[in-house]
Engineer: 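Quick one: the structure is below, and I'll ask about it shortly.
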Amino acid sequence: MSAAAALRAKFPLLVANPGLHYFDSAATAQMHRSALDAVVAHETGARANVLRGSYRLAEAADRAYEAARQSAARFLNAAADEIVFTGGTTAALNLVAQSFGCLLEPGDRVVISQAEHHSNFVPWQMLRERRGVELALIPVLPDGTLDLASLARVIDDRTRLVAVTQCSNVTGARTDVAAIVAAARRVGARVLLDGAQAVQHGPQDVQALDVDFYAFSGHKCFGPGGVGVLWGRAELLAAMPPFLGGGGMIGAVTEEGYTWAEPPRRFEAGTPPIAQAVGLGAALDWMMGLDWAPIHARESALCAALIDGLRRIPHVRLLGPEPSSARAPIVSFDIAGLHPHDICQVLDAQGLALRGGHHCAQPLLAALGVEACTRASLALYNDEADVAALPAGIVRAIGVLK
Ligand code: PLP
């Protein structure tokens, strides 16, 4: 059995759909059996609310939830009390924009890039409206990579936060995080990394990355939907006021007012996504046990083969940088005269699942000169058969649609 086939066998949806060529892991990766099993085991063996009950079932739920926090901490090489469970990357980014954002003053600058997903774009535009902060953009070059030559100009001494994606969900371009961190540190700014597209390619080390905040979603790293993680440095979380008020996040409440709990509970108001967090913990534990070097080599080879296959098709314009280790296996393309939605529909009829549209990155697409594009994203369970099927499917789609 090939390495990809062995991995694929652990994904129940792929096992149930042997003819499916799944190319949309950048939107949602398939769920690993260990995550699914952990959710079922939790819901059938330890379902209770957390941090509220003192009966044994509730204590079992507490233990499972906190064990998931420990797994997330190990996955990021961080301390468990710096891990906040959220509803996903979007919720994590909004939390920072609200809670860290309210420590900013009018005239302070937040820097993002033109390559951001809307969830790392709109919360900062909303903060600009709310607090009068200035929002500046690191531009992209024609291949979609960040223009590092602009950093000294864009990240100026009014900059308090630089919030960028670790990897573009459209072009697969990986950000030169060290260059961003160096430019931010020169002016004393904090750095937030949107890790949504990085986490499905292996554990991360926030200490080595030397950032201050890190956000990701469970459904993009083989875990359940509806859960995500915000990691923040302890001293930053401690200085930030809560975003949502409610049960679980308080010290005490009187008719006159309330006090806050310490982080991370300060930021987990209400009943959290408990079973989802437990499932995420299982997915992360599984990922931490993998040997990633051969997986990365295979993903890169498949990405290069896919690009090569697509390049041979007339009318296909590829977006993004050349294949290299600085590119995640995400390949977006435009076919002159055809709408991505039509292309995706014809591909779907052939068992090829791709996403077409603006990919929640309209400013990036505008910079690249397209309104919409078709995206193929690969994960560790894709194989040579997938990569061979796609160019052939596109040739057929062009034949049907042109
Ligand atoms: N950031 C990036 C780079 C993404 O690709 C996505 C989702 O595609 C998000 C943020 C938002 O993630 P979620 O919808 O899970 O909150």
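In listed order, ligands and their atoms are each counted from 1.
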Engineer: Got a salt bridge between E82 and R233, using NZ or NE/NH1/NH2 to carboxylate O under 4.0 Å?
Structural biologist: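 Here E82 does not pair with R233 in a salt bridge, since their nearest N and O are not under 4.0 Å apart.
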
Engineer: Answer yes or no: is there a donor N or O on one side and an acceptor on the other, between the side chain of R375 and the main chain of G357, under 3.5 Å?
Structural biologist: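 Checked: no pair found.
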
Engineer: Hey, is the main chain of V170 close enough, under 3.5 Å, to the side chain of S332 for a donor-acceptor pair?
Structural biologist: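 Yes, S332 side chain to V170 backbone: donor-acceptor pair under 3.5 Å.
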
Engineer: Under 3.5 Å between any N/O of T90 and any N/O of ligand 1: does that happen in this structure?
Structural biologist: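 Between T90 and ligand 1 (N or O atoms, distance only) the closest approach is under 3.5 Å.
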
Engineer: Would you call E66-R265 a salt bridge at under 4.0 Å N-O?
Structural biologist: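 A salt bridge is absent here (no side-chain N lies under 4.0 Å from a carboxylate O).
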
Engineer: Test of understanding: given a 4.0 Å heavy-atom threshold, classify the contact between E116 and ligand 1 as side chain, backbone, both, or neither.
Structural biologist: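 It is neither part, as no heavy atom is under 4.0 Å.
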
Engineer: Students should be able to answer this: which protein heavy-atom is nearest to atom 5 (O) of ligand 1, and at what distance?
Structural biologist: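 Here the closest protein heavy atom is Q197 NE2, 2.7 Å.
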
Engineer: Examine ligand 1 and decide if any of its atoms is less than 4.0 Å from a heavy atom belonging to A27.
Structural biologist: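 Distance cut 4.0 Å: A27 fails for ligand 1.
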
Engineer: Quick one: CG on L135 to CE on M126, what's the gap to the nearest 0.5 Å?
Structural biologist: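 Here the interatomic distance stands at 13.0 Å.
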
Engineer: Provide, to 0.1 Å, the distance between atom 9 (C) of ligand 1 and the closest protein heavy atom, together with that atom's residue and name.
Structural biologist: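 I find the closest protein heavy atom is S119 OG, 3.5 Å.
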
Engineer: For ligand 1, note which part of H219 has a heavy atom under 4.0 Å away: side chain, backbone, both or neither.
Structural biologist: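 Only the side chain of H219 comes within reach of ligand 1.
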
Engineer: Identify the closest protein heavy atom to atom 3 (C) of ligand 1: which residue and atom is it, and at what distance?
Structural biologist: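 It is D194 OD2, 3.5 Å.
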
Engineer: Looking only at protein heavy atoms, identify the closest one to atom 4 (C) of ligand 1 and say how far it is in Å.
Structural biologist: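 Ranked first by proximity to atom 4 (C) of ligand 1 is H117 CD2, 3.3 Å.
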
Engineer: Would you say R266's side chain and A238's backbone share a donor-acceptor pair under 3.5 angstrom?
Structural biologist: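 Checking the backbone N and O of A238 against the side chain of R266, a donor-acceptor pair under 3.5 Å is found.
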
Engineer: Give me the residue, atom name and distance of the protein heavy atom closest to atom 8 (O) of ligand 1.
Structural biologist: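 Nearest protein contact, heavy atoms only, for atom 8 (O) of ligand 1 is K220 NZ, 2.6 Å.
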
